[in-house]
Amino acid sequence: MPELPEVETYRRFLNEVLLDQTITALEVQDAHVLAVEEDVLRQALVGRTITGTSRLGKNCFLQLDSGQVLVWHFGMTGDVGAYRDGPDAPRFTRVALHLSSGLRVAFVDPRKFGRIRLAESVEQYRQAKKLGPDALDITAEQLQHKLSKRKTILKPLLLDQSITAGLGNWIVDEVLFQARIHPERVAQTLSTREFEDLHTAIQLVLHTAIGHEATYRDFPASFLIHAREWDDSATPGTDQHRFCPRHSDTEIAKSYVGGRATYTCPHCQAAD
DNA sequence: GTCGATGTTAGCAC
DNA sequence: TGTGCTAACATCGA
């Protein structure tokens with residue numbers, strides 16, 4: 001379920017197990033997730049030491065002592081894992097790094113939309129992918145500058161990784177709910193105050209999600225996320241989670257905006 | 001068997 | 001060049 005908070009959580013885990021480790025072998029169970037030739041990747045990795053980790057948007061970077069960077073993008077269903085023996089590999093492990101510590105670190109991805117790449121630097125990758133500033137770093141002013149002349153609806157713009165990197169479908173819904181802004185508002189029509197609200201909401205949602213290691217059921221009751229169908233924290237048999245956290249008599253609406261499933265509170269988020 | 005899915009990218013028509 | 005829409009990717013799980 002990797003959006004920025006999940007990727008940050010994965011990065012912290014990878015930093016724990018990978019830092020200063022030397023890669024002793026590259027295990028490829030399904031080359032589909034490789035966006036670089038397997039032999040080229042093996043040549044670049046085996047014998048190298050990981051000197052640091054970083055993240056930009058939904059991308060996780062593993063810095064190699066060669067200067068190159070290993071880039072992990074988790075697609076829709078990517079995850080990480082660690083194990084010691086072959087048979088213990090998590091289900092859907094596609095690629096694993098064998099480490100000098102004896103541990104093996106898995107790139108797990110059931111639906112195989114994730115990708116492993118090699119880049120010359122984070123900056124080179126950022127430019128190649130045209131990634132905007134990380135959603136945790138972008139300021140209200142930058143956000144306003146990038147959006148205030150756009151004549152299209154807000155939600156697809158917030159999902160656009162070249163405007164700001166890291167926001168995905170559920171986070172954008174949560175951010176817009178917290179900021180009390182409708183996803184189909186034309187970006188150009190937002191006031192400075194609303195851009196500030198948007199920025200505040202981005203900070204709130206991302207910091208909350210990272211603080212809970214992206215475990216949704218632990219999020220505050222004030223969050224819209226509990227209304228998403230895959231949230232199972234509500235007591236079975238009740239529909240409590242289908243209602244707005246702020247208006248217990250208002251049912252959360254599901255629609256499609258820019259082709260993506262979108263949840264809103266009709267009461268909090270006026271259409272215009 | 002059917003449907004929808006958290007991300008990204010290409011293609012097409014304006 | 002910007003925009004909006006759709007499909008495709010591969011597969012699972014409800």
Asks: If the C1' atom of C:dG4 is compared with that of B:dT6, how far apart are they to the nearest Å?
Replies: 22 Å
Asks: Going by an N to O cut-off under 4.0 Å, is there a salt bridge joining A:Arg55 and A:Asp134?
Replies: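 The answer is yes: the pair qualifies as a salt bridge.
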Asks: What does A:Phe92 touch in the nucleic acid at a heavy-atom separation under 4.0 angstrom: a base, only the sugar-phosphate, or nothing?
Replies: sugar-phosphate
Asks: Test the A:Arg246-A:Phe177 pair against the cation-pi criterion, namely NZ or CZ under 6.0 angstrom from the six-membered ring centroid and within 45° of the ring axis.
Replies: yes
Asks: Over how many whole Å does the gap from A:Arg91 atom CZ to C:dT11 atom C1' extend?
Replies: 10 Å
Asks: Please state how far atom CG in A:Asp79 lies from atom P in B:dA5, giving the value in whole angstrom units.
Replies: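 It is 21 Å, rounded to the nearest whole Å.
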Asks: As a check on the pairing definition, encode DNA chain B in dot-bracket form, counting Watson-Crick and G-U wobble pairs whose two distances are under 3.5 Å, and using | for partners outside this strand.
Replies: .||||.||||||||
Asks: Examine the side chains of A:Gln63 and A:Ser54 and answer whether a donor and an acceptor come within less than 3.5 Å of each other.
Replies: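 A:Ser54 and A:Gln63 do not have a side-chain donor-acceptor pair below 3.5 Å.
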Asks: Verify the neighbour count for atom CD of A:Glu38: are there more than 12 heavy atoms of other residues, nucleotides or ligands below 6.0 Å?
Replies: yes
Asks: Between A:Trp170 and A:Tyr216 (judged by ring centroids, cut-off 6.0 Å), do the two rings come close enough to count as a pair?
Replies: yes
Asks: Of all of residues 105-117 of chain A, which get a heavy atom below 4.0 angstrom from DNA chain B, listed by number?
Replies: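 Those residues are A:Arg111, A:Phe113.
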Asks: Other than A:Val108, what residues sit in its cluster of Ile, Leu, Val, Met, Phe, Trp and Tyr side chains whose heavy atoms are under 4.5 Å apart, directly or through others?
Replies: A:Phe92
Asks: So, is A:Arg260 near the phosphate of B:dG7, with a side-chain N or O under 4.0 Å from OP1 or OP2?
Replies: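 A:Arg260 to B:dG7 OP1/OP2: side-chain N or O found under 4.0 Å.
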Asks: Between CD1 of A:Ile181 and OG1 of A:Thr264, what distance do you get to the nearest 0.5 Å?
Replies: 13.5 Å
Asks: Between B:dG11 and C:dA10, how far apart are the P atoms? Round to whole Å, please.
Replies: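 So the two P atoms sit 16 Å from each other.
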Asks: Can you see if the side chain of A:His32 gets near the phosphate of C:dA10 - specifically, an N or O under 4.0 Å from OP1 or OP2?
Replies: yes
Asks: Let me spell it out: for each of A:Ala261 and A:Leu159, pick the nucleotide of DNA chain B with the closest heavy atom. Which residue's pick is nearer the 5' end?
Replies: A:Ala261
Asks: Rounding to a whole Å, what distance do you find between A:Met76:CE and C:dT11:P?
Replies: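 Taking CE of A:Met76 and P of C:dT11, I get 13 Å after rounding.
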Asks: For A:Ile225 and B:dT6, give me the distance from atom CD1 to atom P, rounded to whole Å.
Replies: 11 Å
Asks: In the hydrophobic cluster built from side-chain contacts under 4.5 Å, what are the other members alongside A:Ile153?
Replies: A:Val257
Asks: Taking atom CD of A:Glu213 as the centre, report whether more than 12 heavy atoms of other residues, nucleotides or ligands fall under 6.0 Å from it.
Replies: no
Asks: Any salt bridge linking A:Glu16 with A:Arg12? Criterion: basic side-chain nitrogen under 4.0 Å from a carboxylate oxygen.
Replies: no
Asks: Summarise protein proximity over nucleotides 1-6 of chain C in one line of letters, 5' to 3': B for base, S for sugar-phosphate only, - for none, counting protein heavy atoms closer than 4.0 Å.
Replies: --SS--
Asks: How would you list, by chain and number, every residue that makes a ring pair (Phe, Tyr, Trp, His ring centres under 6.0 Å) with A:His145, sequence neighbours excluded?
Replies: none
